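Here is the structure we will look at, set down as structure tokens.
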Amino acid sequence: MKKLSLYIEDWANRCFSPRFNPFYYLGAISTLFFIILLISGIYLFIFYRTNSPYQIVQDLTEKQWYLGGIMRSIHRYASDGLIISLLLHTLREYVNGRYSHYRWLAWVSGVILFIISLILGISGYWLVWDQRAQLIALKTSELLNDVPLFIEPPSRSFLSNESLSGMLFFLLHFLHSALPFAMLILIGIHIMRCSRPVLKTPKVITIAVIIMLLMVSVIKPATSAKPADLNRLPLTPPFDWFFFFIYPVKSILSKPIFWSMTTGVIMILFIIPWIKRHRPPVAQVVLENCTGCDQCNKDCPYGAIRLQPRTDRLAYKMEAVIMPERCAACGICVGACDFNAVNLPGMNDVQIKEDIINLLSGIQRIDKKPKILLWVCKQSIRFNGTLDIIKRMTNVKIISLPCIGMIQSEMIEAGFNAGADGIFICSCVMGDCQYRKGNIWLQERLRDKRPPLLNKRVDRRRIREYWMSPVHTTRLVAEIDLFEEELSAYHISGST
Ligand code: HEM
Ligand code: SF4
Ligand code: SF4
């Protein structure tokens, strides 16, 4: 599953470039659809009347086709778009394992958002009160008949036109208008553990989505079926699978199987974050080194660091504190700190620098090949035996990190000081960091756009960045060979 998703994303990278790959913006695309739904929904809300729902919608579609009709169609297609983007967003977070531990809040609020989106879609169709609405009203009430909460079976409300209550439309209308506001609050909760959440799609994607919605709205405007008539059974009205999939499932399964399956699936979705138990140890602050500069807090992708007034006698005002329940153990704060004041247990800066010296001193210069220190992120090299091939390269030594954003500028200098001729940094494609920001922050640090800056004396030509999809791991060997050739050409290899 993971491999398949990577191949699809890699294909999208080739078509759109990683900067505009829609798969890297599924949260933002969902937000975009939500905003479009809010705007078009407010327009429809202004005209909607609960006493003559069918006629009002029909008038909007026919008499005001140039705006009301277009708004209605956009509202319809954006709701389908939201379900597609939510499905993909959920699948992507799942296959990337981004649901457990500190992400439980995003996951659980996401599941609730998904369920509310489905309810909104169904209630939206219902508000039109055509034959399709009649069918889903009947099917939904049959579903609700099984819930032992109602004094009278809800399907009784749909026995005849006379038994149909205006109150029901009022309630539906209220539900359909109030739930989006509940969603707004939930979206706030959903992203509260992501610092700098990507809520905005790049302009190109926004324009493409709007043009696509406008095009389908013009080519195939949303229309109503015949008016609902409870004295007749609805003939086969058009069916929207994005929202109504539950009804055919219910009709083919027996009542006990259907309900145990539905509650089972919902329960599993809610408890998924707690199924995966292993959690790596979280980051720790070395207080005596901390100057309270705030850079770790600025770089932490999950808002897991806060600054508090100093608790020791050092002359700085503030000190960094890790909030363990939010920490992803990505190590990005290690790379952000210029004072070695934050560490991951078992991987502190002293150990890493010792490893660098030991690894590089172990290289024999028999074949005069340049000594290369290869930094990789554990997420980027997953498949095939590429690492084994590289391990057999006598002049290349590997250090593997939980996220590439953990590299400190000092660690790069330590590599050169320990005799490396070149530093090769390999990690995931921009936009696709398991911890959201690791590769972006490192690239900015290397390009002097983000502190801590790399020492000016370091020869940038001896550093190679390689951002790749894990499906291209085999290309890594060829890239390293190329780097070797370039290093030799600069006359900066060990032979000089
Ligand atoms: C209207 C519905 C939703 C909207 C608008 C939305 C939007 C977003 C946004 C903007 C982010 C931050 C992306 C980033 O900056 O890295 C995000 C993250 C996330 N979303 Fe959603 N989302 C929605 C529904 C869902 C659903 C249904 C799920 C899954 C059940 C889900 C799971 C997640 C997870 C796990 C993250 C955290 C990713 C991480 O920690 O790296 N979301 N979402
Ligand atoms: S970056 Fe380092 S020195 Fe600055 S506040 Fe964070 S831990 Fe302290
Ligand atoms: S390890 Fe990652 S999530 Fe934890 S505090 Fe550091 S940057 Fe934040």
Side-chain angles (χ1 to χ4, degrees), residues 24-35 37 82-83 85-94 96-117 120 180 183-184 186-188 190-201 269-270 272-273 280-287 289-307 316 318-324 326-344 402-403 405-406 408 431-438 441 451-452:
Y24 298 161
Y25 294 97
L26 289 169
I29 293 177
S30 307
T31 315
L32 176 63
F33 277 124
F34 179 68
I35 293 169
L37 283 165
L82 178 67
I83 296 299
S85 65
L86 284 185
L87 263 177
L88 293 174
H89 181 46
T90 309
L91 268 174
R92 187 163 191 273
E93 298 307 325
Y94 178 76
N96 284 311
R98 288 199 277 245
Y99 50 82
S100 48
H101 312 310
Y102 54 95
R103 282 171 172 131
W104 75 265
L105 191 62
W107 180 266
V108 171
S109 54
V111 174
I112 302 174
L113 279 166
F114 207 152
I115 295 173
I116 296 183
S117 306
L120 273 170
M183 276 181 86
L184 265 181
L186 266 168
I187 292 174
H190 185 65
I191 51 165
M192 73 190 245
R193 288 197 170 174
C194 294
S195 42
R196 297 187 185 84
V198 184
L199 283 165
K200 238 176 92 190
T201 40
L269 278 174
F270 275 114
I272 271 181
V282 300
Q284 288 169 353
V285 174
V286 184
L287 197 53
N289 291 351
C290 177
T291 62
C293 72
D294 200 30
Q295 193 56 42
C296 53
N297 177 29
K298 285 182 187 150
D299 282 9
C300 172
Y302 293 105
I305 300 177
R306 65 185 165 84
L307 273 269
Y316 306 106
M318 306 299 273
E319 64 185 30
V321 180
I322 309 280
M323 291 180 261
R326 290 189 174 198
C327 177
C330 60
I332 291 176
C333 50
V334 177
C337 182
D338 214 6
F339 305 93
N340 297 324
V342 61
N343 274 315
L344 283 187
C403 173
M406 186 175 169
Q408 285 176 335
D432 188 26
C433 174
Q434 177 74 0
Y435 301 104
R436 305 186 53 244
K437 304 284 183 194
W441 289 170

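Small disclaimer: the values here were computed from a predicted structure and weren't measured. Remember, it's 1-based here, ligands and their atoms both numbered in the order they're listed. The chain is numbered in sequence order, starting from 1.
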Do L113 and I187 make a side-chain contact, defined as non-hydrogen atoms from C-beta onward lying under 4.5 Å apart? yes
Can you tell which of V198, L199, T31 makes a side chain to side chain contact (heavy atoms under 4.5 Å, CB included) with Y25? V198
What atoms of ligand 2 come within less than 4.0 Å of a heavy atom belonging to C293? 1 (S), 3 (S), 4 (Fe), 5 (S)
Strictly under 2.8 Å, is any N, O or S atom of C327 next to atom 6 (Fe) of ligand 3? no
Counting backbone and side chain alike, does C337 bring an N/O/S atom below 2.8 Å of atom 8 (Fe) of ligand 2? no
With a 4.0 Å cut-off on heavy atoms, is V285 in contact with ligand 2? no
Side chain, backbone, both or neither: A329 near ligand 3, heavy atoms under 4.0 Å: backbone
Looking at ligand 1, would Y435 count as a contact under a 4.0 Å heavy-atom criterion? no
Selection from G405, C296, C330 by shortest heavy-atom distance to atom 2 (Fe) of ligand 3: C330
Closest to atom 3 (S) of ligand 2 among protein heavy atoms sits T291 N, 3.3 Å
Short list, please: which atoms of ligand 2 are under 4.0 Å from a heavy atom of G292? 5 (S), 8 (Fe)
Ligand 2-proximal atoms of D294, by part, heavy-atom distance under 4.0 Å: backbone
Give the atoms of ligand 2, by number and element, whose distance to some non-hydrogen atom of F339 is under 4.0 Å. 3 (S)
